[in-house]
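These notes concern the structure reproduced below.
Atoms considered below: every heavy atom in the structure, side chains included; atoms not considered: hydrogens, waters and symmetry mates.
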Amino acid sequence: ILKVVWAPGMSIRPHDHRTWASIGIYSGGEDNAFFRRDGGGLTQTGGGTRLRGRDLLKLGLLIANGGRWAGRQIVPKAWIETSTAAHVQATEDDTYGYLWWRREFRRGEEAYPAVFMAGNGGNIVAVFDDLAMVMVITRTAYNQRAAADQTTALVEATLGAVGCPA
């Protein structure tokens with residue numbers, strides 16, 4: 001839900017914060033700080049958002065609830081389903097949708113499927129539909145190769161901590 005499709009060389013106007021505001025991320029006092037601009041002034045929407053852990057949790061809950069928030073359909077359910085569906089086999093373990101990954105996180109012999117978004121530094125928002133759980137981990141291991149593997153280990157350890165059997 002964060003990606004904007006735009007023609008090459010075009011820049012988006014200042015972000016319309018209505019979706020953010022409807023789930024309590026934007027209160028109206030902030031400037032257009034959600035997306036960064038490159039050296040040429042083009043807005044970069046594929047990453048670089050500056051959100052707090054509680055805001056990331058709200059995005060995960062929006063996905064977990066099929067685009068609904070407080071009884072209102074904020075994002076069309078069909079878009080949530082399309083954007084989180086597997087469109088390509090990205091790695092041996094992961095498939096990829098529209099900025100959302102799919103993976104079975106492991107705990108011993110048990111597999112726990114999740115849809116997740118991951119960011120530089122080891123950040124992750126994982127939605128475990130079967131467990132009715134959204135997990136958010138924020139880290140600052142920016143540009144470190146091992147960050148993703150370390151975060152996967154944290155996710156799998158946390159599954160144990162919340163009582164998921166191995």
Shortest non-hydrogen contact from [X] toward [Y]:
{"X": "Gly122", "Y": "Ala147", "value": "N-CB, 3.9 Å"}
{"X": "Ile74", "Y": "Ser22", "value": "CG2-OG, 3.3 Å"}
{"X": "Tyr96", "Y": "Ala90", "value": "CB-CB, 4.0 Å"}
{"X": "Val127", "Y": "Ala64", "value": "CG1-CB, 3.7 Å"}
{"X": "Ala111", "Y": "Arg106", "value": "CB-NH1, 3.0 Å"}

Tell me if a side-chain donor or acceptor on [X] pairs with a main-chain N or O of [Y] at a distance below 3.5 Å.
{"X": "Arg52", "Y": "Asp55", "answer": "no"}
{"X": "Asn65", "Y": "Leu61", "answer": "yes"}
{"X": "Lys58", "Y": "Gly24", "answer": "yes"}
{"X": "Gln73", "Y": "Gly66", "answer": "yes"}
{"X": "His87", "Y": "Thr82", "answer": "yes"}

Mind checking the [atom1]-[atom2] spacing from [X] to [Y]? Nearest 0.5 Å is all I need.
{"X": "Thr91", "Y": "Arg103", "atom1": "OG1", "atom2": "CZ", "value": "6.5 Å"}
{"X": "Arg68", "Y": "Leu62", "atom1": "CZ", "atom2": "CG", "value": "11.0 Å"}
{"X": "Glu104", "Y": "Asp94", "atom1": "CD", "atom2": "CG", "value": "11.0 Å"}
{"X": "Ile25", "Y": "Leu57", "atom1": "CD1", "atom2": "CG", "value": "9.5 Å"}
{"X": "Asp130", "Y": "Tyr112", "atom1": "CG", "atom2": "OH", "value": "10.0 Å"}
{"X": "Thr158", "Y": "Met135", "atom1": "OG1", "atom2": "CE", "value": "5.0 Å"}

* To do: Go through Val134 and Val125 one step at a time and tell me if the side chain to side chain contact (heavy atoms under 4.5 Å, CB included) criterion holds.
  => CA-CA 7 Å; Val134 176; Val125 177; 4.2 Å; yes
* Sole candidate of Thr138, Thr140, Ile137 that passes side-chain contact (heavy atoms from CB on, under 4.5 Å) when paired with Asn123 -> Thr138
* **Reference residue Met117; test side-chain contact (heavy atoms from CB on, under 4.5 Å); the match among Leu99, Ile63, Thr84, Leu59** =>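 Testing Met117 for a side-chain contact (heavy atoms from CB on, under 4.5 Å) against Leu99, Ile63, Thr84, Leu59 leaves exactly one candidate, Leu59.
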* Output all residues satisfying ring-ring contact (aromatic ring centres under 6.0 Å, His included) with Phe128, sequence neighbours left out; order by chain, then residue number. =>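 Listed in chain order: Phe105.
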* Asked: Can you name the residues that form a side-chain contact (heavy atoms from CB on, under 4.5 Å) with Asn120, not counting sequence neighbours?
  ->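 Result, side-chain contact (heavy atoms from CB on, under 4.5 Å) vs Asn120: Tyr142, Asn143.
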* Got a sec, which residues hit side-chain contact (heavy atoms from CB on, under 4.5 Å) with Ala153, two or more places apart in sequence or on another chain? -> none
* To do: Mark yes when over 12 heavy atoms from residues, nucleotides or ligands other than Gln89 sit less than 6.0 Å from its CD; otherwise mark no.
  => yes
* Within-4.5 Å side-chain heavy-atom neighbours: Gln150 and Leu154 -> no
* Asked: Cys164 versus Leu131: any side-chain heavy-atom pair under 4.5 Å?
  ->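 The answer is yes, as the side chains (C-beta and beyond) meet within the 4.5 Å cut-off.
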* To do: I would like to know whether Thr151 and Arg139 meet side-chain hydrogen bond (donor to acceptor under 3.5 Å, both in side chains); could you show each step before the answer?
  => CA-CA 8 Å; Thr151 298; Arg139 302 185 57 220; 3.0 Å; yes
